[in-house]
Amino acid sequence: MKIAFVGKGGSGKTTLSSLFIRHLAAARVPVVAVDADINQHLGVALGMDEAEAAALPAMGAHLPLIKDYLRGSNARIPSTETMIKTTPPGEGSRLLRICEDNPVYDACARAVALDDGAVRLLATGPFTESDLGVACYHSKVGAVELCLNHLVDGRGEYVVVDMTAGSDSFASGMFTRFDMTFLVAEPTRKGVAVYRQYKEYAQDFGVPLKVIGNKVQGPDDLAYLRAEVGEDLLVCVGHSDWVRAVEKGRPAPFALLEEANRRALETLHDTADAAYGHRDWERYTRQMVHFHLKNAESWGNAKTGADLAAQVDPAFVLFEGAAATPQPA
């Protein structure tokens with residue numbers, strides 16, 4: 001299952017995504033966590049110290065390796081230089097799975113030990129000073145989008161992506177790659193405005209969206225969110241001494257998280273799991289191709305000097321049981 005956490009900056013998006021990841025790990029669920037935010041804080045939220053988090057390999061720095069591995073023997077892709085972030089898989093492509101070892105994970109993922117197991121953590125890499133004026137952050141998350149396009153995951157397997165804040169999450173087709181999107185919203189006009197913006201984008205592409213009310217301090221906050229968000233409001237989270245202790249560098253065992261917040265995480269898990277029954281791999285593949293053709297026409301063909309529409313394999317549909325091309329010996 002592919003899960004995104006989105007929301008405006010400061011809404012608590014990274015905190016909630018890290019709690020959900022911890023909850024899944026405690027339930028012995030295989031998890032790949034991805035920090036795709038412009039501000040890279042997920043590693044620290046999961047308990048890494050600042051130096052460890054800063055040392056995480058940037059997926060963008062390994063993009064040539066990622067492209068070469070995923071390309072496999074796909075004859076529609078003559079070279080990795082013609083691959084862009086939306087290049088879809090086809091016959092001969094290598095696919096990624098949650099529970100496997102592969103060169104992409106070897107290069108980009110690091111194990112993060114938690115109280116009840118461990119998760120794999122990948123990071124896009126921060127937006128650095130050298131990028132100013134020459135790159136946009138969406139080029140950084142291109143490696144994540146390419147990997148999601150080649151990912152086959154099943155029920156009880158999770159990829160949790162902490163997305164970049166605000167409407168930037170919709171600047172590429174990556175927002176359509178998820179089985180469930182959790183939007184973290186504060187009970188404020190700004191928080192609700194971000195929700196409405198996301199809702200408009202999401203419903204055009206059939207993207208499931210549920211709202212987590214965060215920093216809810218009383219009945220008035222709850223009533224406000226219910227009035228503004230309606231049935232999309234899934235659950236609310238209040239103040240957490242456990243989270244505050246983690247933010248001070250004094251982590252307590254996850255089992256000591258407040259009971260109300262543990263129940264909220266269980267609701268997120270149940271909702272994400274229920275989304276499995278609504279999976280439509282054909283629509284998923286169509287959307288993948290849609291954004292690839294759109295990018296090819298707008299900038300990809302000019303950048304690569306190739307007709308990227310030729311990369312589309314019309315007979316290929318990504319699905320859970322798709323066979324991957326074996327790795328080279």
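Residue numbers run from 1 in the order of the sequence given.
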What heavy-atom pair brings [X] and [Y] nearest, and what distance separates the two atoms?
X	Y	value
N214	V184	CB-CG1, 3.7 Å
R283	G206	NH2-O, 3.4 Å
P251	V246	CA-CG2, 4.1 Å
V194	L183	O-CD1, 4.2 Å
T304	L308	OG1-CD2, 3.5 Å
V237	A264	CG2-CB, 4.2 Å

key: Evaluation steps, side chain to side chain donor-acceptor pair (under 3.5 Å), between Q217 and H239   = CA-CA 7 Å; Q217 297 182 5; H239 173 77; over 6 Å; no
So [Y] and [X], do their side chains get closer than 4.5 Å, heavy atoms only?
X	Y	result
F5	I212	yes
L95	L151	no
E91	S73	no
P89	M288	yes
I77	T82	yes
L265	F254	yes
R286	W281	no
L114	V119	yes

What do you reckon, is [atom1] of [X] surrounded by more than 12 foreign heavy atoms closer than 6.0 Å?
X	atom1	value
R226	CZ	no
R244	CZ	no
E247	CD	yes
E259	CD	yes

Rounded to the nearest 0.5 Å, what separation is found between the [atom1] atom of [X] and the [atom2] atom of [Y]?
X	Y	atom1	atom2	value
M180	K2	CE	NZ	13.0 Å
M83	L70	CE	CG	5.5 Å
R71	L146	CZ	CG	13.0 Å
D273	R155	CG	CZ	4.0 Å
S18	D162	OG	CG	8.5 Å
D313	N74	CG	CG	7.0 Å

Report yes or no: does [X] contribute a side-chain atom to a donor-acceptor pair with the main-chain N or O of [Y] at less than 3.5 Å?
X	Y	value
N149	P88	no
Q40	G125	yes
T181	L209	no
W242	A252	yes

key: V34/V160 under side chain to side chain contact (heavy atoms under 4.5 Å, CB included): CA gap, chis, key distance, verdict   = CA-CA 6 Å; V34 182; V160 180; over 6 Å; no
Give the cluster check for [X] versus [Y]: same hydrophobic cluster or not, with ILVMFWY residues linked at side-chain heavy-atom distances below 4.5 Å.
X	Y	result
V44	L121	no
F20	L234	yes
V312	V317	no
L318	I84	no
L268	Y276	yes

Indicate whether any N or O donor in one side chain lies under 3.5 Å from an N or O acceptor in the other, for [X] and [Y].
X	Y	result
Q203	Y198	no
N102	Y69	no
S11	E186	no

task = Let me see the working for L24 and H269 under side chain to side chain contact (heavy atoms under 4.5 Å, CB included), right down to the final yes or no.
result = CA-CA 8 Å; L24 294 174; H269 193 175; 3.7 Å; yes
Quick test of your reading of the model: are [X] and [Y] salt-bridged, counting only N-O distances below 4.0 Å?
X	Y	answer
R97	D153	no
R22	D115	no
R110	E52	no
R94	D68	no
R263	E266	no

Establish, for the pair [X] and [Y], whether the NZ or CZ atom is under 6.0 angstrom from the six-membered ring centre and no further than 45 degrees off its axis.
X	Y	value
R177	F291	no
R279	Y284	no
K13	F182	no

ask   = With sequence neighbours left out, what residues match H290 under side-chain hydrogen bond (donor to acceptor under 3.5 Å, both in side chains)?
value = none
inquiry  = Measuring centre to centre across the rings, with the benzene-like ring taken for any Trp, is F205 within less than 6.0 Å of F175?
reply    = yes
inquiry  = For E81 and K67: C-alpha separation, side-chain torsions, deciding distance, then whether side chain to side chain contact (heavy atoms under 4.5 Å, CB included) applies.
reply    = CA-CA 9 Å; E81 287 74 21; K67 288 181 176 180; over 6 Å; no
Side chain to side chain contact (heavy atoms under 4.5 Å, CB included) assessment of L56 paired with M48 = CA-CA 10 Å; L56 286 169; M48 301 179 80; 4.0 Å; yes
